[in-house]
Amino acid sequence: MERASFAELRRRALDAVLPLFMIVVILGGIRFGLFTPTEAAAVAVAYALVLAGPLYRSLTWADLWQKAIQAAVVSGMVLFVVGAARLLGWVLAVMRAPQALAASLLELGGGPVGFLLLTILIFLPLGAMLEGVPAVVLLTPILLPLAAQLGVDPVHFGVVIVATQGISVFLPPVGVSLLVACSVGGVEPAAVARPLWPYLALMLGLTAVIAFLPQTVLFLPRLLGY
């Protein structure tokens with residue numbers, strides 16, 4: 001396509017100010033206690049409706065009905081996956097699988113580096129099967145004391161888990177974020193699985209950098225006096 005002029009870029013940037021302000025509304029409202037994260041989702045929807053309806057006039061009543069149906073389908077799909085993941089998490093908790101896993105990690109040794117590597121290898125498949133929150137809730141209380149025992153900074157350990165979960169939620173065939181993205185884009189997960197691997201490989205490399213070079217994570221907290 002033809003290269004955009006500076007005037008066109010400026011106009012597009014101005015057009016994007018109000019939609020991008022949604023981030024400020026969501027994070028600011030949560031930060032100052034105006035609403036909970038769950039309520040923030042409803043606030044974001046209301047804000048988007050105001051922009052798309054009266055302001056930009058890009059959303060008709062017919063479009064709104066279709067979007068509501070699409071949202072219901074996606075929400076039902078996600079809730080089904082999350083419900084199944086919670087059930088699996090309950091089964092693992094009853095079987096005391098996290099405790100057995102923690103004992104195995106201690107027996108394997110390897111120090112902090114080996115512990116973080118095994119943490120990544122555990123959270124990748126588990127996060128894909130359980131969805132992010134159940135996996136974190138199930139394993140973090142068990143693994144965090146082990147991390148402290150091995151001298152791993154808790155902030156560093158938390159960032160490693162979050163980065164790993166950011167990969168696992170896109171791992172086929174169960175990753176919740178992958179299913180949502182495919183549903184919104186109207187494509188089958190099998191169609192995007194192959195093009196997705198380079199992105200996942202890059203993210204895995206960045207996660208390894210975060211895990212094995214703690215200063216990449218801790219320099220800012222330490223700069224702020226942590």
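Numbering starts at 1 and runs along the sequence shown. This structure is a prediction, so every number in the text was calculated from the model and none was measured.
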Exercise. How far apart are the C-alpha atoms of Ile120 and Leu204, what are their side-chain angles, what is the distance that settles it, and do they pass the side chain to side chain contact (heavy atoms under 4.5 Å, CB included) test?
Worked result: CA-CA 9 Å; Ile120 293 173; Leu204 185 59; 4.2 Å; yes

Exercise. Can you list every pair that meets salt bridge (Lys or Arg N to Asp or Glu O under 4.0 Å) and has a residue in residues 12-35, with sequence neighbours left out?
Worked result: Glu8-Arg12, Arg11-Asp15

For this session: May I have all residue pairs that pass salt bridge (Lys or Arg N to Asp or Glu O under 4.0 Å) and include part of residues 55-76, sequence neighbours excluded?
Result: none

Would you please name every residue forming a side chain to side chain contact (heavy atoms under 4.5 Å, CB included) with [X], sequence neighbours left out?
X: Val45; result: Leu49
X: Val192; result: Leu178, Cys182, Val187
X: Val43; result: Val25, Phe35
X: Leu51; result: Leu18, Pro19, Tyr47, Leu55, Tyr56

With a cutoff of under 4.5 Å between side-chain heavy atoms, which Ile, Leu, Val, Met, Phe, Trp and Tyr residues group with [X]?
X: Leu213; answer: Val209
X: Val17; answer: none
X: Phe80; answer: none

For this session: Sorted by first residue and then second, give each ring pair (Phe, Tyr, Trp, His ring centres under 6.0 Å) pair with at least one member in residues 12-34; sequence neighbours left out.
Result: none

Exercise. Under the 3.5 angstrom rule, does the side chain of Ser75 hit a backbone N or O of Ala72 as a donor-acceptor pair?
Worked result: no

Exercise. How about Gln215: does its CD atom have over 12 heavy atoms from other parts shown lying under 6.0 Å from it?
Worked result: yes

Seminar exercise, completed: The reported gap from CD in Gln165 to CG in Leu126 (rounded to nearest 0.5 angstrom) is 7.5 Å

